[in-house]
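Atoms considered below: every heavy atom in the structure, side chains included; atoms not considered: hydrogens, waters and symmetry mates. Each residue takes its place number in the sequence, starting with 1.
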Amino acid sequence: SHPSLREFADWGVAFVESTTSERDRKHAAMAERLREAHAHMAAFDYPAAIQTLEAIATPLRSAAATTLLSECRERKQESESLIATIAERIKGKALEGLLPLVERAVALRGDRKDLIKIRGQLLERRDARLTRARAALETGEAQAAMTALAGLAAEDYSTDEQAFITRIRRTAVLENEIVRLVKEAKADSRVTPEEACRSEEHTSELQSRQYLV
């Protein structure tokens, strides 16, 4: 508005308009790239999502774009590490505790049919062993139930299943303790009051646990 700068007034207006237009265009482009990156993530294509977000100039990159870029990089790195670990474990037939790793890998790379197939096989293997363990426990064979669960880790089971397995293990311990007490009694041909009480306690708990199962 100063008289000395009046000759620049039209230029100033035009400059503000062009700069504002360019800013809005850049913001619209960034929003479009964000939508595109989310689409790539939904398809588990992290490299494409990273490339799309990195194309946004750093000064124009919003907090949301920066956060998403960091998440994409982390998911890419984690998925690659998990897939390598799973392949190595399967090659060495180290299946114990593998299921949660495969579950996480599927969550990160749901497009990998091989991972989905492996998960299905591990679930089938686990469920078959649980079925055998339940059948054995119903007939009072806690040791056979423990054998059926061999080769599986606690991580392979859900919370409810872990509670069931804890009951199996406790039942097996009680059975072993009762057998030991009986052998000791036979060895010296007498049963002490303490041994009798312990045997009765273990037997009562064993019966209670089998009833609960």
Measure the shortest side-chain to side-chain distance between T85 and E88 over non-hydrogen atoms and say whether it is less than 4.5 angstrom. no
Flag side-chain contact, heavy atom, 4.5 Å: R104 against L82: yes
For G151 and R125, which heavy atoms make the closest approach, and how far apart are they? O-NH2, 3.2 Å
Quick check against the 3.5 Å criterion: does R89 have a side-chain atom that pairs as donor or acceptor with the backbone of A94? yes
Determine whether L99 and E155 make a side-chain contact, defined as any pair of heavy atoms from C-beta on separated by less than 4.5 Å. no
Between R134 and E161, is there a salt bridge with N-O shorter than 4.0 Å? no
Please check if atom CD in Q143 has more than 12 non-hydrogen atoms from other residues, nucleotides or ligands closer than 6.0 Å. yes
What I'd like to find out is whether the side chain of L152 reaches to under 4.5 Å of the side chain of E96, using heavy atoms alone. no
Quick one, S62 and L34 - any side-chain contact, counting heavy atoms below 4.5 Å? yes
Got more than 12 heavy atoms from elsewhere within 6.0 Å of CG, D24? yes
Mind checking the NE2-CD spacing from H27 to E22? Nearest 0.5 Å is all I need. 10.5 Å
Are L123 and L130 in one and the same hydrophobic cluster, where Ile, Leu, Val, Met, Phe, Trp and Tyr link if side-chain heavy atoms are under 4.5 Å apart? no
Quick check: do M41 and E71 have side-chain heavy atoms less than 4.5 Å from each other? yes
Close side-chain approach of F44 and L108, heavy atoms under 4.5 Å: no
Interatomic spacing from CG in L101 to CZ in R119 - rounded to 0.5 Å: 13.5 Å
Work out which heavy atom in R61 is nearest to a heavy atom in L69; give both atom names and the distance. NH1-CD2, 3.6 Å
Counting heavy atoms not belonging to Q121, are there more than 12 under 6.0 Å from its CD? yes
Go through the steps for I86 and I83 under the test side-chain contact (heavy atoms from CB on, under 4.5 Å), then give the verdict. CA-CA 5 Å; I86 291 167; I83 290 170; 5.5 Å; no
Search all heavy atoms of A55 against all heavy atoms of R33 and return the closest pair with its distance. CB-NH1, 3.4 Å
Any side-chain heavy-atom pair of Y157 and R126 under 4.5 Å: yes
Working for side-chain contact (heavy atoms from CB on, under 4.5 Å), residues L122 and D156: CA-CA 9 Å; L122 291 175; D156 292 320; over 6 Å; no
Closest non-hydrogen atoms of C72 and A49, given as atom of the first, atom of the second and distance, are SG-CB, 3.7 Å
Would you call R75 and E78 a salt bridge, using N to O less than 4.0 angstrom? no
Euclidean distance, E103 CD relative to I118 CD1, rounded to 0.5 Å: 12.0 Å
Donor-acceptor pair, side chain of T52 and main chain of A48, under 3.5 angstrom: yes
Dump the intermediate steps for side-chain contact (heavy atoms from CB on, under 4.5 Å) on R132 and L149, then the final yes or no. CA-CA 8 Å; R132 291 200 299 271; L149 297 174; over 6 Å; no
Any ion pair linking R35 and E32 (charged N to carboxylate O, less than 4.0 Å)? yes
Rounding to 0.5 Å, atoms CG (L53) and NE2 (H40) come to a distance of 9.0 Å
Chi angles and distances behind the side-chain contact (heavy atoms from CB on, under 4.5 Å) call for R73, Y46: CA-CA 7 Å; R73 288 169 174 166; Y46 303 120; over 6 Å; no
Sequence neighbours excluded, which residues qualify as ring-ring contact (aromatic ring centres under 6.0 Å, His included) partners of F15? W11
In short, L68 meets A37 closest at the heavy-atom pair CD2-CB, 3.9 Å
